[in-house]
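Lettering of chains follows the sequences in order, A, B, ..., and the numbering in each one begins at 1. Computation of the quantities below employed the complete heavy-atom set of this structure, encompassing side-chain atoms and omitting hydrogens, waters and symmetry-equivalent molecules.
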Amino acid sequence: MDIKLPDGSSRALNDGANGYDLARDISPSLAKVALLAEIDGTVCDLNTPLHDGAQVAILTRKDEAILPHLRHSCAHILAEAVQRLFGDVQITFGPATETGFYYDFYRETPFVQDDLAQIEAEMHRIVAENSNFRRSVWTRAQMLDWCQEHGETFKAEHVGNIPADEDLSVYHQGEWMDMCRGPHLPNTGAVGKGFKLMKLAGAYWRGDANNPQLQRIYGTCWRDTKELSAHLHMLEEAEKRDHRRLGREMNLFHLQEEAAGSVFWHPRGWTLYRVMQDYMRARQIEGGYQEVKTPQLLDRVFWEKSGHWDKYREDMFVLPEGASNEDTGEGKAHALKPMNCPCHVMIFRQGIKSYRDLPLRMAEFGSCHRNEASGALHGLMRVRAFTQDDAHIFCTPEQIAEETVRFCTLLQQIYQDFGFSDIQVLFSDRPKVRAGSDAVWDQAEAALSAAGKAAGLDFTHNPGDGAFYGPKLDFVLRDALGREWQCGTLQCDFVLPERLGANYIGADGAEHRPVMLHRAIIGSFERFCGVLIEHYAGKLPMWLAPVQAMVCTISEGADAYAASVLERFHKAGLRTESDIRNQKIGYKIREHSLQKIPALVVVGAKEAETGSVAIRRLGSTEQHILPLEEAISTLCLEATPPHLRNI
RNA sequence: GCCGCAGUAGCUCAGUGGUAGAGCGCGUCAUUGGUAAUGACGAGGUCGAGAGUCCGAUUCUCUCCUGUGGCACCA
């Protein structure tokens, strides 16, 4: 038979030959390092038989494509090690992840951290044993017998979930085996030493909280120890830019247990927050939005009417009846608002709206409370009290397309200004269970998807994942470490205007129902602050930096000059502080550099005499001596928020 | 909410069945210096909260709280 190779050449092999035979035919040295075969674009075991005319590539350690399979094989080795060491363990699943693998086990007694070292040592032993991975195909009955015999109830349950027309394959390695689709490396030795067990975690069987909890062991796995240490180093770097750590070190905010999930903003952190908010407000006004402010605490009846009570009451903060005054037991039941939209509909409903009022764009920096599960809280990223850059656009169905384009344009501008250029858009269309007629969905989906494309955004289709009340676009941005953050969203809603009785008078003189577009760009200010801190590793661009310049004196003799410099900087609108402490200049430089202050303004006798300043920028060791006014105009230029530039 | 881990000075952490220690930070004093740590001295702790075992608990046990890594959740 004839096999085509990646370089366009072809090779004649005997019938029944496999990838290994091909590798050996090409060269004995290739056969030694061959790990997997990519047959017609699908990665397969090396010993998978080839067919005539197949396009085949032999994969070796050099190919990144082996990584998922290397990791998956490593997961099997983990599972074998665990079953060797612990008698009372059932195996379940163990897939590859983005940087490694995990395996979920069932065991009455949980694993503890100290078990990991022992397990890892056993894994190295299994690698050293260098057993072949051997695939075989079993019948359902054979498999179930095996599960019965070995007490593997979870695997047995899974047998029933494998499509009837699919082969049920098992992979052996030495004495051990697992039911698995494969493919795998030729032998356990091929996994090498580039792996490490990372952490223990709980996970539910089949991802469902109603099912038994399994014990998950995470590992990371790479092609060699060099790649492994590079990855571990990257993790250390990521830890250094953790916003919780930087928030403390830079004195931006803190959290404490009496207010779990709510932020104490310190002066510097609140400055960042305010600068962001001022910027967002300005951009929104440019974008044709009107800003409003609505109540935090509303009668329970209101939430019942809006439909939130039924759906979200578990996660709402509620004041039960009588709680408003503990002494007298007076007061109706209330709840803190978990979102702003119903309140915005209330404003829309005041007075009679005409089609001439549409589209009506109503924005609020809406402070919301959601009683998030305790295990979900995480620094600024997941909190219980937060403020959204929320807005609702009331419009006609015909206006959806244009409003979407306007929104995408605004969003792109804002992300760019904050320093994010890699934006991914997910378009989610009608779910199975939904409200509204198909005709309206047709129109909304077409409008959204066309508008997304028109705005020139990267576009991924996410079928069936829309909200029950309408299709949506989600905007995911990628930060400096390549992590993804879903921040922006645009959701069509045909339901809430109806539930809460919003309408307008059309050109025909009749009442019509507006469509509501729920939209946010940064999502929550709290979370976005966290994202910014991590994206910039604390080194915020000048316009966002809480303190933009620090005037540092060389010695006491320069105090008076420093005070006049500080005053000039303040007058120029630069957020500036001064450090006239009795310390050496090196000490001050170090301290304010660690505080990530963008411009250090050093003044001593020389500067005082010539009316100049020595500027040292964060991240550089150079000093630039400039006349005071020139320094100010240079820094001011950079410190100008994006919406005020070029005007 | 579930599973693992953790909670000791402002921060990072050590430590012990007989009520505690370091470094940094903070304060005072000396030093007046030229770009990432000047020196000396000093203050600072209900060892997360509650209960139990014990003559005695920060240490052992239990419960709770909070944090943390996951899972589930995320309008």
Side-chain angles (χ1 to χ4, degrees), chain A residues 97 102 104-105 107 109-116 198-218 242 244-245 248-249 251 254-261 303 306-308 310-316 337-342 368 370-379 381-384 386 388 390 467-469 472 486 489 491 493 496 518 520 523-524 527 552-559 580-595 600-607 614-623 625:
Chain A
T97 64
Y102 65 79
D104 285 346
F105 301 96
R107 185 180 181 225
T109 1
F111 294 112
V112 295
Q113 204 67 33
D114 292 342
D115 295 332
L116 292 187
M198 302 298 281
K199 53 202 171 195
L200 285 171
Y204 300 105
W205 169 239
R206 299 193 172 285
D208 185 336
N210 299 311
N211 285 342
Q213 181 136 23
L214 307 174
Q215 323 258 343
R216 177 171 296 181
I217 299 179
Y218 279 94
D242 187 309
R244 293 165 299 183
R245 174 178 173 153
R248 188 177 55 240
E249 288 172 0
N251 197 9
H254 84 269
L255 296 150
Q256 66 184 52
E257 58 178 273
E258 289 87 345
W303 299 111
S306 73
H308 291 84
D310 270 351
K311 224 176 155 194
Y312 301 118
R313 131 204 197 176
E314 289 275 294
D315 299 319
M316 287 166 70
K337 71 172 168 187
M339 55 202 312
N340 309 298
C341 28
C368 297
R370 294 180 187 173
N371 196 4
E372 302 285 0
S374 58
L377 299 178
H378 178 90
M381 301 304 191
R382 192 81 178 266
V383 288
R384 290 188 174 140
F386 56 93
Q388 294 174 306
D390 201 7
F468 78 97
Y469 49 71
K472 62 173 181 171
Q486 199 247 295
T489 189
Q491 305 174 1
D493 185 352
L496 201 60
H518 305 246
S524 116
R527 179 160 171 271
C552 303
T553 48
I554 299 286
S555 69
E556 215 174 323
D559 284 1
I580 57 168
R581 288 176 301 174
N582 179 6
Q583 280 293 353
K584 289 190 174 177
I585 191 64
Y587 181 92
K588 297 182 186 181
I589 297 288
R590 175 181 154 82
E591 184 163 303
H592 302 302
S593 297
L594 289 172
Q595 288 287 308
L600 301 184
V601 182
V602 178
V603 295
K606 275 188 283 183
E607 289 77 12
I615 305 277
R616 173 179 164 136
R617 297 300 308 266
L618 182 61
S620 161
T621 54
E622 285 174 36
Q623 340 167 12
I625 309 219

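The gap from the P atom of B/G50 to that of B/C65 amounts to 15 Å, rounded to the nearest Å. For the P atom pair drawn from B/U58 and B/A49, the interatomic distance equals 9 Å after rounding to whole Å. Here the separation of B/A20 from B/G45, taken at their C1' atoms, is 9 Å to the nearest Å. Taking the P atoms as reference points, B/C62 lies 38 Å from B/A75, given to the whole Å. Comparing the same atom, C1', in B/A14 and in B/A22 gives a spacing of 7 Å after rounding to whole Å. Taking atom P on both B/G21 and B/G44, the two are 13 Å apart, rounded to the nearest angstrom.
Across all strands shown, A/Arg244 has heavy atoms under 4.0 Å from sugar-phosphate atoms exclusively, and none from any base. A/Tyr102 comes within 4.0 angstrom of nothing in the nucleic acid, heavy atoms only. Across all strands, A/Val602 comes closer than 4.0 Å to base atoms (heavy-atom distances). Using a 4.0 Å heavy-atom distance criterion, A/Leu214 is classed as making no nucleic acid contact. Among the atoms of the strands shown, base atoms are found under 4.0 Å from some heavy atom of A/Glu607. Within 4.0 Å of A/Gly586, counting heavy atoms only, lie sugar-phosphate atoms of the nucleic acid but no base atom. Across all strands, A/His378 comes closer than 4.0 Å only to sugar-phosphate atoms, never to a base (heavy-atom distances). Residue contacts for A/Arg616: at a heavy-atom cut-off of 4.0 Å it reaches a base atom on one of the strands shown.
An OP1 or OP2 oxygen of B/C11 is reached within less than 4.0 angstrom by no side-chain nitrogen or oxygen of A/Arg245. Taking side-chain N and O atoms only, A/Gln583 has a distance below 4.0 Å to OP1 or OP2 of B/U38. Residue A/Arg248 places at least one side-chain N or O under 4.0 Å from the OP1 or OP2 atom of B/U12. Look at A/His254 and you won't find any side-chain N or O under 4.0 angstrom from OP1 or OP2 of B/G10. Remark: A/Thr621 is not in phosphate contact with B/U35, judged by side-chain N or O atoms under 4.0 Å from OP1 or OP2.
Whole-Å rounding puts the A/Lys588 NZ to B/A37 P distance at 15 Å. As a whole-Å value, the separation of A/Phe105 CZ from B/C71 C1' is 16 Å. At whole-Å resolution of the value, CD in A/Gln113 and C1' in B/U68 are 12 Å apart. Distance, A/Ile554 CD1 to B/U32 C1': 11 Å, rounded to whole Å. Atom pair A/Asp115:CG and B/C3:P shows a separation of 17 Å (rounding to whole Å applied). Counting to the nearest Å, the C1' atom of B/C3 and the CG atom of A/Asn210 are 16 Å from each other. Distance A/Asp242 CG to B/G67 C1': 12 Å, rounded to the nearest Å. Between A/Leu116 atom CG and B/C5 atom C1' the separation is 11 Å, expressed in whole Å.
In RNA chain B, runs of at least 3 stacked Watson-Crick or G-U pairs (N1-N3 plus N6-O4 or O6-N4, or N1-O2 plus O6-N3, all under 3.5 Å) give these stems: B:1-7 with B:65-71, B:10-13 with B:21-24, B:26-30 with B:38-42, B:48-52 with B:60-64.
The side chain of A/Ala260 approaches B/G67 more closely than any other nucleotide in the set B/G67, B/G70, B/U68. Closest to the side chain of A/Tyr218, out of B/U35, B/C71, B/C5, is B/C71. Listed nucleotides: B/U38, B/G70, B/G67. Nearest to the side chain of A/Lys584: B/U38.
Between A/Tyr469 and A/His518, a ring centre-to-centre spacing shorter than 6.0 Å is recorded.
Rounding to the nearest 0.5 Å gives a distance of 11.5 Å between CZ of A/Arg617 and CD of A/Glu622. Annotation: the span from A/Lys588 atom NZ to A/Thr553 atom OG1 amounts to 3.0 Å, rounded to 0.5 Å. Rounded to the nearest 0.5 Å, atoms CZ (A/Arg248) and NE2 (A/His254) are 12.0 Å apart. Separation of atoms CE (A/Met316) and CG (A/Asn371) is listed at 11.0 Å; rounding is to 0.5 Å. Here CZ of A/Phe111 is found 6.0 Å from CZ of A/Phe105. Values are rounded to the nearest 0.5 Å.
No more than 12 heavy-atom neighbours from other residues, nucleotides or ligands sit within 6.0 angstrom of CD on A/Glu314. No more than 12 heavy atoms of other residues, nucleotides or ligands shown are found within 6.0 angstrom of CD1 on A/Ile580.
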Between the protein and nucleotides 60-65 of chain B, which nitrogen or oxygen pairs are less than 3.5 angstrom apart?
{"residue": "B/C65", "atom": "O2'", "partner": "A/Glu257", "partner atom": "OE1", "Å": "3.3"}

Grab the N/O contacts between the protein and nucleotides 25-27 of chain B below 3.5 Å, and write none if there aren't any.
none

Under 3.5 Å, which protein N or O atoms sit close to an N or O of nucleotides 72-75 of chain B? Give each pair with its distance.
{"residue": "B/C73", "atom": "O2", "partner": "A/Arg382", "partner atom": "NH2", "Å": "2.7"}
{"residue": "B/C73", "atom": "N3", "partner": "A/Arg382", "partner atom": "NH1", "Å": "3.1"}
{"residue": "B/C73", "atom": "N3", "partner": "A/Arg382", "partner atom": "NH2", "Å": "3.4"}
{"residue": "B/C74", "atom": "O2", "partner": "A/Arg382", "partner atom": "NH1", "Å": "3.3"}
{"residue": "B/A75", "atom": "O4'", "partner": "A/Tyr312", "partner atom": "OH", "Å": "2.9"}
{"residue": "B/A75", "atom": "N7", "partner": "A/Arg370", "partner atom": "NH1", "Å": "3.4"}

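Side chain of A/Arg206 to backbone of A/Asp208: no donor-acceptor contact under 3.5 angstrom is found.
Remark: A/Arg313 pairs with no residue by the salt bridge (charged side-chain N to carboxylate O under 4.0 Å, His left out) rule, at least two apart or across chains. In this view, A/Arg370 satisfies the side chain to side chain donor-acceptor pair (under 3.5 Å) rule with no residue, not counting sequence neighbours.
Ionic pairing of A/Glu591 and A/Arg581 is present here: one or more N-O contacts between side-chain nitrogen and carboxylate oxygen are shorter than 4.0 angstrom.
Two residues are said to be in side-chain contact when any heavy atoms from C-beta on lie closer than 4.5 Å; A/Phe386 and A/Cys368 meet this criterion.
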